[in-house]
There are 2 protein chains.
Amino acid sequence: MARLSDVIEEFIKTLLRESEGQLELQRNELADYFECAPSQINYVLATRFSLDQGYYIESRRGGGGYIRILRLDVDRNDYMHYLLSEGIGNRISENNALQIIKRMMDQEYITQETAYLMKSAVTDKAIGIPSSLRDNIRASILRSMITAVMAWDSRKT
Amino acid sequence: MARLSDVIEEFIKTLLRESEGQLELQRNELADYFECAPSQINYVLATRFSLDQGYYIESRRGGGGYIRILRLDVDRNDYMHYLLSEGIGNRISENNALQIIKRMMDQEYITQETAYLMKSAVTDKAIGIPSSLRDNIRASILRSMITAVMAWDSRKT
DNA sequence: ATTATATTAAGGTCAAAGAAGGTCAAAAAT
DNA sequence: ATTTTTGACCTTCTTTGACCTTAATATAAT
């Protein structure tokens, strides 16, 4: 018997194929459909639709809430994927971060303007706190922004 | 699926656009039109037309009462300067930061893409560290990015 | 005609209920 | 031992309704 999680995974991937890599779903509805606990949907998303696997997830609670899944264009974003999975890690110096941003710009993954903005967010000065935590925070922010760039890109088809 | 509050928000914003940023409406009439509780109008106003978000509301009860909504169209640089000098300060919550970014986008001070990127840099998740320092760091980063937007702009003239 | 009172027509507040999604750990299955 | 499934509990956002306050107008009393 195929594991339910696998079935749900396939189901979502089919939907994604039919909708050009972008879709919105209702967690409870889906759980209902498969007669499983709602949290199983989260499990599927966490184990099969992670960033490393090339997916980006946004959600909103409350009435009219939703879960939005974006399939990132992996081929086109090879370098950025590498950055997210290994290239950055938990800590990164100001210099390294600036270099990475410059390279993304050179490769035309991002515009000059975006590069400028990203740089502004990862400088020592921006992050403030004079502590060893700074490099960790920087890494986290940089990763978040790179993810955003990718998600934005695949969003407008 | 679409949240009623969102529909009402859009409705009001459209009216505002058509009337040069100033309009008067009848709470009960609007509630009637959307077939909702009158207090839902207040909810929409409170959550989407706050001062922070650039709107000012006046109202009057009793016969001939009304709700007047004004969109505050401050000069772009004025607003950003205000943000830098007083609006943000040393600490800012995730929600407030997102609101400010949304407003800058609404008023077309920044593009949707830039807004998306900026948001990604100031979320709790991006900043990581679970500590009271987070709001300080966020304020600092947000200020830095706003400065960058301004600088970028004045650079290409 | 003037003043006091009642009625009606607005809008305001707040808390409870409802409608999502999130987290985490225990139990079950492989 | 690892992965999957389930369920209890949490957080966030929205919707609804009961009750309150204020203003204008109509009516009654002086």
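- Position along DNA chain C of the nearest nucleotide to G63(B) versus I67(B) favours G63(B) as the more 5'-ward residue.
- One interatomic measurement links the two molecules: CZ of R27(A) to C1' of dT6(D), which rounds to 12 Å at whole-angstrom precision.
- More than 12 non-hydrogen atoms from other residues, nucleotides or ligands lie less than 6.0 angstrom from CD of E58(B).
- When heavy atoms are screened at a 4.0 angstrom cut-off, I41(B) is found touching no nucleic acid atom at all.
- A salt bridge is absent between E10(A) and R48(A): the closest approach of a Lys/Arg side-chain nitrogen to an acidic carboxylate oxygen does not fall below 4.0 angstrom.
- If you check every strand for non-hydrogen atoms under 4.0 Å, L30(B) touches nothing.
- Among the atoms of the strands shown, base atoms are found under 4.0 Å from some heavy atom of N42(B).
- The side chain of R48(A) places an N or O atom within less than 4.0 Å of a non-bridging phosphate oxygen (OP1 or OP2) of dT4(D).
- Contact annotation for S39(B): base contact, defined as any heavy-atom pair under 4.0 Å involving a base atom.
- If you check distances only, the side chain of R3(A) never reaches the base of dT4(D) with a donor-acceptor pair under 3.5 Å.
- In this structure, Q40(B) places its CD atom 14 Å from C1' of dA17(C), rounding to the nearest Å.
- Using a 4.0 Å heavy-atom cutoff across all strands shown, G65(B) reaches sugar-phosphate atoms only and no base atom.
- Using the six-membered ring where Trp is involved, Y79(B) and Y109(B) have ring planes that are tilted, between 30° and 60° apart.
- Heavy atoms of R68(B) sit nowhere under 4.0 angstrom from any nucleic acid atom.
- Rounded to whole angstrom, the span from the CZ atom of R61(B) across to the P atom of dA24(D) amounts to 13 Å.
- Regarding E29(B), its CD atom lies at a distance of 14 Å from the C1' atom of dG11(C), rounded to whole Å.
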